[in-house]
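On a predicted model such as this, the values are computed, not experimentally measured, just so you know.
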Protein chains: 2
Amino acid sequence: MLHCVMSDQSLDVVDISGTHQRKRSSVTCAECRLNKICLPIALNSEELDRLDDVIQRDRAQEKGDYLYHMGDSFKTLYAVRSGSFKTYMVSECGVEQITGFYLPGDVMGIDGVAQGRYTNHAVALEHSAVCRVPYSQLESLSQVMPTLQRNIFRIMGCEITREQKMMTLLGSCTAEQKVASFLLSLSRRKAERGLSSTNIHLTMSRGDIANYLGLTIETVSRLFNRFKKRNILSIDNKSIVINDLDILSSCVSPEREAV
Amino acid sequence: MLHCVMSDQSLDVVDISGTHQRKRSSVTCAECRLNKICLPIALNSEELDRLDDVIQRDRAQEKGDYLYHMGDSFKTLYAVRSGSFKTYMVSECGVEQITGFYLPGDVMGIDGVAQGRYTNHAVALEHSAVCRVPYSQLESLSQVMPTLQRNIFRIMGCEITREQKMMTLLGSCTAEQKVASFLLSLSRRKAERGLSSTNIHLTMSRGDIANYLGLTIETVSRLFNRFKKRNILSIDNKSIVINDLDILSSCVSPEREAV
DNA sequence: CGGCGCCTTGACTTGCATCAAAAGTAGTGG
DNA sequence: CCACTACTTTTGATGCAAGTCAAGGCGCCG
């Protein structure tokens, strides 16, 4: 158990301040601009303080840093504070499948709840930061804080719903619908966070997008450029501007008259 | 809270016995042979009794009966007691996607947790029976029964992991791998329930299987018959015998020498 | 016994994967 | 600051797995 705790705890604390005042080194949940979409939703201020007490705020993750690996013993949930992450699983036969992209306010690590081991790898797509939430303490807290328990249920429920929609996308949509859908989903999620819904900076590679959507890199690239030629998108490498959200939306539904 | 109890309670009770002795009309959780794979895992006998008190045991569902509809207000979880069900969602553009098949001991309705409304339809594939678990009471109970809370977390976690594996299957597998995988999954689940892992009676149609796997009916039919020609399966309409589990397993991994 | 779903089988088409190569971008070190 | 290397993305040519279309068979139920 020690080896895991080691990597989970307070490394950054010493690094940053040289002292042990963990809580003051960073923004609290109460102050966090994400507390309306993150774990703390609807908690009162006393509850917020108690949650705060168990949460550790990490030093930054660099691009390519792993938060956890598939098979690691599950002890911690991670809330994205800034930046972005991807999670992926590797099947017995060695096939990698990206299972999600995570933005600030999203909670990662839930995949470990079922078996006590993470079933995914989680890796930073850019310079990022997370809050670490020790799961055992979260469980105990949620025993006395119904709202917190409900939030955990809700977050897990959202994950289930999201993945079910993903099944529809993967199972019965064309490449064009998949790519359009992916961009619209990013757009919506940015809007929910109060950010631009039309100017998107992709932190993942074309290969990541392709893998996530069950396509090849070439197909994703071609689709991006097809949308560009139709003036639906402007593309400059990783920077994408959605010129017309409505037309892009119309690409998602199967039947459309306009070619 | 009353309005919820109304729709959930004791309809069948009156039907069956004409009296109000709900609990005696059927097997309790403590007696149920599924209590090792269902909600009650690891509960002690006092806890079992308390869970029992909130669970309602339903009269039978006929094939085609809906347990709930997409959009219905979420108030109840359903544990399959006998028979089987499918759940499916309908996207804005009208595309149906089957999201799961449920066997005895499985819990349905979790998709409603996130938004307070079911995001799926749930329909019986054959003559079946369920236990109804009022969600609000389950929430309250799990506040005082840590093991129960953990079971709910675990069940939701399993659902997440299952769906992530499904994403791999849908995104990066051939039709043959999908069909083999589907049959092996049914086989394994039957084995977990102490039933034959080689003799499978399909309660869903070819169309259901095709939809679930992101294929067409024709492709599923062809694959079944290809496996039959190779002597991996024996097929008689809805009855399937897996003649060689190992060979079928070898069909799932992408690279294999045997053609 | 006749009609209606469900399933199978065959012929044909196509969307996307594959293969290949060029162009662009980023990181490194002299 | 530029040259070199390595990686990512784009673009084109070709092939194939699975979809579509169509017809026929089988089983079930009134």
If the condition is salt bridge (charged side-chain N to carboxylate O under 4.0 Å, His left out), which residues does B:Arg226 pass it with, not counting sequence neighbours? B:Glu176
Basic-acidic side-chain contact under 4.0 Å: [X], [Y]:
{"X": "B:Arg117", "Y": "B:Asp72", "answer": "no"}
{"X": "A:Arg81", "Y": "A:Asp106", "answer": "no"}
{"X": "B:Asp236", "Y": "B:Lys228", "answer": "no"}
{"X": "A:Glu192", "Y": "A:Arg189", "answer": "no"}

Do B:Ser128 and B:Ser82 have side-chain N/O donor and acceptor atoms under 3.5 Å apart?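 Side-chain D/A pair, B:Ser128 to B:Ser82: absent.
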Pick out which of A:Phe85, A:Tyr88, A:Tyr212 makes a ring pair (Phe, Tyr, Trp, His ring centres under 6.0 Å) with A:Phe101. A:Tyr212
How does protein contact run along nucleotides 4-18 of chain C, one letter per nucleotide 5' to 3', with B for base contact, S for sugar-phosphate only, - for none, heavy atoms under 4.0 Å? ---SBBBB----SSB
On DNA chain D, which is the earliest and which the latest nucleotide, 5' to 3', with an atom closer than 4.0 Å to a heavy atom of chain A? D:dT9 to D:dA13
